[in-house]
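Here's the structure, in structure tokens; my notes come after.
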2 protein chains.
Amino acid sequence: MTQPKIRDYFQQTVAADPDLTPKQQAILQASLDLFAEQGFDHTSTSDIAQRAGVAEGTVYRRYKTKNAIREAVVAPIIDHIVPSLAADFTREELETKYTDLASFFRSVFANRLEFVNDNIKELKVALEMVFFTPGSREAMIQHVGPIVVDNIMGIFDDFKARHLMVDWPNDLIVQTMLSMLLGYFARVVMAIPPIDTQRELDYFVAMLTQAFTPKPENQV
Amino acid sequence: MTQPKIRDYFQQTVAADPDLTPKQQAILQASLDLFAEQGFDHTSTSDIAQRAGVAEGTVYRRYKTKNAIREAVVAPIIDHIVPSLAADFTREELETKYTDLASFFRSVFANRLEFVNDNIKELKVALEMVFFTPGSREAMIQHVGPIVVDNIMGIFDDFKARHLMVDWPNDLIVQTMLSMLLGYFARVVMAIPPIDTQRELDYFVAMLTQAFTPKPENQV
DNA sequence: TTCATAAATGAGTTACGACTCATTTAGTGG
DNA sequence: CCACTAAATGAGTCGTAACTCATTTATGAA
């Protein structure tokens with residue numbers, strides 16, 4: 001399954017905005033690329049202007065501050081990442097295709113691991129902002145929370161109702177899956193690639209399946 | 001169990017160095033505090049001098065560049081964090097006290113979760129450096145690898161020999177435990193505290209125990 | 001073609017941050 | 001008390017980065 005990369009999605013989003021002139025679009029694209037390459041703090045507005053092929057004044061015409069640029073860049077990324085993390089399976093899909101946890105986990109993580117592989121730099125930009133930029137955090141949580149709740153929670157409830165998943169709290173199950181993904185991301189970022197994605201996937205599926213498949217004697 | 005905080009450990013380490021004058025010690029301490037509060041890039045050398053109560057020239061007497069200060073600050077932190085993550089259980093302890101995985105996980109994570117709770121800011125400094133500062137990564141991995149291998153791997157092999165743990169690759173088991181810890185850290189950082197640590201601990205123990213307790217039919 | 005409005009320009013301003021160095025102060029052995 | 005060295009000082013340099021603004025250039029309706 002070929003996934004669109006964040007950069008491409010960003011390009012499309014930016015191009016679709018009728019308020020943005022071509023130069024303004026170039027500015028946003030250059031900003032994303034430079035933030036991804038060098039980090040926000042080590043990217044100057046003149047860097048951005050140069051990469052975008054415009055004058056520095058043009059950068060400031062629409063965005064009053066450098067921070068405003070970052071917000072304009074990160075917002076659509078978050079808007080893309082979050083839904084792509086919050087898997088949306090239909091009830092029908094769940095009942096017909098996923099008769100056990102293993103196939104469900106495999107289906108979910110196959111996508112997500114590849115998504116991580118394909119978007120490391122852009123994910124770093126987003127993570128850097130979420131982790132190290134106070135203020136944007138709160139807004140993000142407000143924005144993200146409902147989507148996660150609506151989609152993922154329902155899926156888990158479905159599995160639980162069919163007695164295919166242990167009755168642990170949904171938020172902790174989500175946390176676990178995101179933790180594994182975050183750990184994978186960390187490993188990819190820190191170790192020198194290539195990481196054996198297939199091996200990781202097989203392990204994730206086996207481990208999570210064993211962890212969450214109900215056994216009569218285990219409850220919290 | 002009361003754990004020493006990174007900041008205190010740092011203070012002691014710095015005070016124990018005979019090459020450092022009191023003012024140089026104050027500079028390092030101020031640097032750690034400011035990096036933790038504001039991040040490295042948003043801390044100026046004049047900030048450091050002011051906080052340490054010295055002249056800016058004094059800051060540059062020993063450390064030729066601002067980056068050298070960061071290295072001097074982060075190195076002992078890493079040296080502290082790593083052993084504290086790599087649990088060192090004696091073989092005797094393992095065989096007498098830990099007759100099942102659950103008590104082992106509880107013992108390990110009780111410490112680690114509290115460690116995270118007590119050192120969030122300092123951990124952010126270290127993480128920021130490891131994740132977002134190329135170059136320091138490689139050195140870190142070289143430095144960290146052997147310790148982890150020597151300690152943790154042996155523990156797992158021990159459990160496996162006693163048929164208390166599934167025979168999955170050690171590196172993936174470590175990855176899983178670190179992922180859970182990283183996820184916990186992320187949750188603490190992002191959500192507005194307080195997080196219910198006890199609830200998380202109980203869940204971690206239950207989930208990991210179920211995941212890693214061997215069942216005849218499951219192998220990778 | 002003309003006028004009006006928005007977009008773009010880039011030289012300039014201002015502030016601040018990393019780093020230097022001539023000078024002063026503190027410490028120490030004789 | 002002196003002489004010598006190391007430690008500390010802080011005013012100053014130099015570069016850079018965010019941001020401004022008077023001016024020019026494109027756009028497009030009348």
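Order of the sequence lines sets the chain letters (A, B, ...), proteins ahead of strands, with each chain counted from 1. What you see is a predicted model; the values in this text were computed from it and never measured.
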Please enumerate all residues that pass ring-ring contact (aromatic ring centres under 6.0 Å, His included) together with [X], with sequence neighbours excluded.
X: B/Phe156; result: none
X: A/Phe159; result: A/Phe104
X: B/Phe185; result: none

Round to the nearest Å and state the distance from [X] atom [atom1] to [N] atom [atom2].
X: A/Ile48; N: C/dG10; atom1: CD1; atom2: C1'; result: 17 Å
X: B/Arg62; N: D/dA6; atom1: CZ; atom2: P; result: 13 Å
X: A/Arg61; N: D/dT24; atom1: CZ; atom2: C1'; result: 13 Å

For this session: Name all residues meeting the salt bridge (charged side-chain N to carboxylate O under 4.0 Å, His left out) criterion together with B/Asp171; count only those two or more places apart in sequence or in a different chain, and write none if there are none.
Result: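 B/Asp171 satisfies salt bridge (charged side-chain N to carboxylate O under 4.0 Å, His left out) with A/Arg187, A/Arg199 once adjacent residues are dropped.
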For this session: Go through the structure and list residues passing salt bridge (charged side-chain N to carboxylate O under 4.0 Å, His left out) with A/Arg106, not counting sequence neighbours.
Result: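 Residues passing salt bridge (charged side-chain N to carboxylate O under 4.0 Å, His left out) with A/Arg106: A/Asp202.
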Please tabulate the protein-to-nucleotide N/O contacts below 3.5 Å involving nucleotides 15-25 of chain C, giving atom names and distances.
unit_1 : atom_1 : unit_2  : atom_2 : d
C/dA18 : OP1    : B/Lys66 : NZ     : 2.8
C/dA18 : OP2    : B/Thr45 : N      : 2.6
C/dA18 : OP2    : B/Thr45 : OG1    : 3.0
C/dC19 : OP2    : B/Tyr60 : OH     : 3.4
C/dC19 : OP2    : B/Lys66 : N      : 2.9
C/dC19 : N4     : B/Glu56 : OE1    : 3.4
C/dC19 : N4     : B/Glu56 : OE2    : 3.2

For this session: Report yes if at least one side-chain N or O of B/Thr58 is closer than 4.0 Å to OP1 or OP2 of D/dA7; otherwise report no.
Result: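 For D/dA7, neither OP1 nor OP2 has a side-chain N or O of B/Thr58 closer than 4.0 Å.
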Exercise. Going by the ring-ring contact (aromatic ring centres under 6.0 Å, His included) test, which pairs reach into residues 20-63 of chain B, not counting sequence neighbours?
Worked result: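 As it turns out, the ring-ring contact (aromatic ring centres under 6.0 Å, His included) pairs with a partner in residues 20-63 of chain B, which skip direct neighbours, are B/Phe35-B/Phe40.
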Exercise. Is A/Val59 touching bases, backbone alone, or none of the nucleic acid, heavy atoms closer than 4.0 Å?
Worked result: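 A/Val59: no heavy atom of the nucleic acid under 4.0 Å.
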For this session: Could you tell me how the ring of A/His80 sits relative to the ring of A/Tyr9: parallel (under 30°), tilted (30 to 60°) or perpendicular (over 60°)?
Result: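 Correct class here is parallel.
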Problem set entry | Within residues 18-26 of chain A, residues whose heavy atoms come under 4.0 Å of DNA chain C |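 The answer is A/Thr21, A/Lys23, A/Gln24.
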For this session: Kindly write out the residues that satisfy side chain to side chain donor-acceptor pair (under 3.5 Å) with B/Gln11, not counting sequence neighbours, or none if the list is empty.
Result: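 Side chain to side chain donor-acceptor pair (under 3.5 Å) list for B/Gln11, sorted by chain: empty.
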